[in-house]
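Only a predicted model underlies this, so the values are computations on that prediction, with no experimental measurement involved.
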Amino acid sequence: MFRYLVRRLLQMILVFLGTTFIVFALMFAGGEGDPIQNLAGEKPVSASQRAQLIEKFHLDDGFFERYWYYLRDLVTGNLGESLTGRDIGTLILDAFPATAKLATIAILVTIIFGVTAGVIAGIRRGSIFDNSTLVLTLVIIGIPTVVLAPIGQLLFAVKFPIFPATANNPPTWYELILPGIVLGLLSVATAMRLTRASVAENLRADFVRTAKSKGMPGRRVIGVHVLRNSLIPIVTFIGVELGSLMGGAIITERVFNIAGVGNLLYKNLNLGDAPVVIGTVSVLVVVFLVANLIVDLLYAVLDPRIRYE
């Protein structure tokens, strides 16, 4: 296990360096426009102010020099400052709770509705429920979040005011229910189809036939043997999806005006504030990598036959 953890940590470091290098290159290498003037808007920027910002953010240095400065500060836990002089770590810490709540609701919706419906559909394969859910998931998968979010807001916040149309800052759990459902709908569809396929496959396995031949009750066969073996691909999906939801909530947060990480990333992309964009992406990459590591370690808990060397 120890050697496996060391190997995975080394892989995570390489992935982190590769990802941040690409993002850094996209933001700085060959970038167009003037980020300082973008932040100032129509206001003129004096020569002394421009020179100070250029020196502070090493804008006149070469690409690799700037990347080295970024890595050096990152190792010490310093995410740096935005072009407006605000601490990037503080900006992310302020925005992170809203996105974490939103992702939690989306994952709970995925587990409660997607996994549950998938289990029922897998057990009753070919039934009306199974066929109906398959058609419904195809429809949901075919509609992107950029369409689902405004439709959900129009129906359940404007036409039928069940939920608030927008969220305050900081948002309450109630204000995040509707955007959480919208964000989790695509995950629900995928989780349902994945669970259905996994349960149906395990129901045909030899160990299920053996358990039934020994007179084990059907509920115990499904609850102990089928579900436990079916959970491995589901846990993989949910773990990866959690990391994705933390960074993929840009559209949902914009539509519902949620002051989260996705909204922070969107605003600073438009402003051309590269330090904030790179710092935010760096944090999201770490969240994604840690989520994947936890999922891999859970494999051994779900299936004792799995051993890491």
Run the side chain to side chain contact (heavy atoms under 4.5 Å, CB included) check on Leu265 and Val277 step by step: do they pass? CA-CA 6 Å; Leu265 191 60; Val277 174; 3.9 Å; yes
Step by step, would you call Ile141 with Arg193 a side chain to side chain contact (heavy atoms under 4.5 Å, CB included)? CA-CA 11 Å; Ile141 290 174; Arg193 296 177 72 87; 3.9 Å; yes
Determine, stepwise, if the pair Leu79 / Val283 fulfils side chain to side chain contact (heavy atoms under 4.5 Å, CB included). CA-CA 9 Å; Leu79 291 175; Val283 172; 4.1 Å; yes
CA sep, side-chain torsions, deciding dist, call: Arg196, Leu134, side chain to side chain contact (heavy atoms under 4.5 Å, CB included): CA-CA 10 Å; Arg196 173 188 178 274; Leu134 283 176; 3.8 Å; yes
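Note: the hydrophobic cluster containing Ile112 also contains Phe163 (ILVMFWY, side chain heavy atoms under 4.5 Å, direct or indirect links). Criterion: ILVMFWY side-chain heavy atoms under 4.5 Å apart, direct or through other members. Under it, Leu14 and Phe64 are not part of a common hydrophobic cluster. Taken together through direct or relayed side-chain contacts under 4.5 Å among Ile, Leu, Val, Met, Phe, Trp and Tyr, Ile251 and Ile151 form part of one hydrophobic cluster. Cluster membership for Leu203 and Ile120, using ILVMFWY side-chain heavy atoms within less than 4.5 angstrom, is not shared. If you chain together hydrophobic residues whose side chains sit under 4.5 Å apart, Ile140 and Ile143 fall into the same group.
Closest of all the heavy-atom pairs between Ile258 and Pro171 is CG2-CG, 4.4 Å. Across Ile105 and Gly180, no two heavy atoms sit closer than the pair CG2-CA, 3.7 Å. Here the closest heavy-atom approach between residue Val255 and residue Pro150 is recorded as CG1-N, 4.2 Å. The nearest pair of heavy atoms linking Leu178 to Ala157 is CD2-CB, 4.2 Å. Here the closest heavy-atom approach between residue Phe256 and residue Pro179 is recorded as CD1-CB, 3.6 Å. The two residues Leu91 and Val276 have their closest heavy-atom pair at CD1-CG2, 4.3 Å.
Counting non-hydrogen atoms of other residues, nucleotides and ligands closer than 6.0 Å to CZ of Phe129 gives a total above 12. Shown here is Phe16, whose CZ atom has more than 12 heavy atoms of other residues, nucleotides or ligands within 6.0 Å. Environment of CZ in Phe160: sparse, with no more than 12 heavy atoms of neighbouring residues, nucleotides or ligands closer than 6.0 Å. The local environment of CD1 in Ile128 is sparse, with at most 12 non-hydrogen atoms from other residues, nucleotides or ligands closer than 6.0 Å. More than 12 heavy-atom neighbours from other residues, nucleotides or ligands sit within 6.0 angstrom of CH2 on Trp173.
Distance check, rounded to the nearest 0.5 Å: OG of Ser187 to CZ of Phe113 gives 13.5 Å. Separating the CG atom in Asn263 from the CG atom in Leu102 is a distance of 11.0 Å, to the nearest 0.5 Å. For the atom pair CD1 of Ile234 and CD1 of Ile111, the computed distance is 10.5 Å after rounding to the nearest 0.5 Å. Taking CG of Leu186 as the start and OG1 of Thr137 as the end, the distance is 11.5 Å to the nearest 0.5 Å. Distance check: Thr252 OG1 to Asn257 CG gives 13.0 Å after rounding to the nearest 0.5 Å. Atom CD1 of Ile123 and atom CG of Asp130 lie 11.0 Å apart (nearest 0.5 Å).
Checking side-chain atoms of Gln153 against main-chain N and O of Val158 turns up no donor-acceptor pair under 3.5 Å. Side-chain atoms of Ser127 come within 3.5 Å of backbone atoms of Arg124 as a donor-acceptor pair (strictly under, hydrogens ignored). The backbone N or O of Phe96 sits nowhere less than 3.5 Å from a side-chain atom of Thr99 that would complete a donor-acceptor pair. Remark: side-chain polar atoms of Asp87 are paired, donor with acceptor, to backbone N or O of Thr90 under 3.5 angstrom. Within the 3.5 Å criterion, the main-chain N or O of Ile250 finds no donor-acceptor partner in the side chain of Glu253. Between the side chain of Ser198 and the backbone N or O of Leu194 there is no donor-acceptor pair closer than 3.5 Å. No donor-acceptor distance shorter than 3.5 angstrom exists from the side chain of Thr110 to the backbone of Gly114, with no hydrogens or angles considered. Distance alone, capped at 3.5 Å, is enough to place a donor-acceptor pair between the Thr76 side chain and the Asp73 backbone.
Of the residues listed (Leu148, Val188, Val109), the one engaging Ile181 in a side-chain contact (heavy atoms from CB on, under 4.5 Å) is Val109, and it is the only one. Checking Ile294, Val287, Leu293 one by one against Val290, the side-chain contact (heavy atoms from CB on, under 4.5 Å) holds for a single residue, Ile294.
Annotation: side chain of Thr133 is in contact with side chain of Met192 (closest heavy-atom distance under 4.5 Å).
For the residue pair Thr20 and Tyr70, no side-chain donor N or O sits within less than 3.5 Å of a side-chain acceptor on the partner.
Ring geometry for Phe21 versus Tyr67: interplanar angle over 60°, hence perpendicular rather than tilted (30 to 60°).
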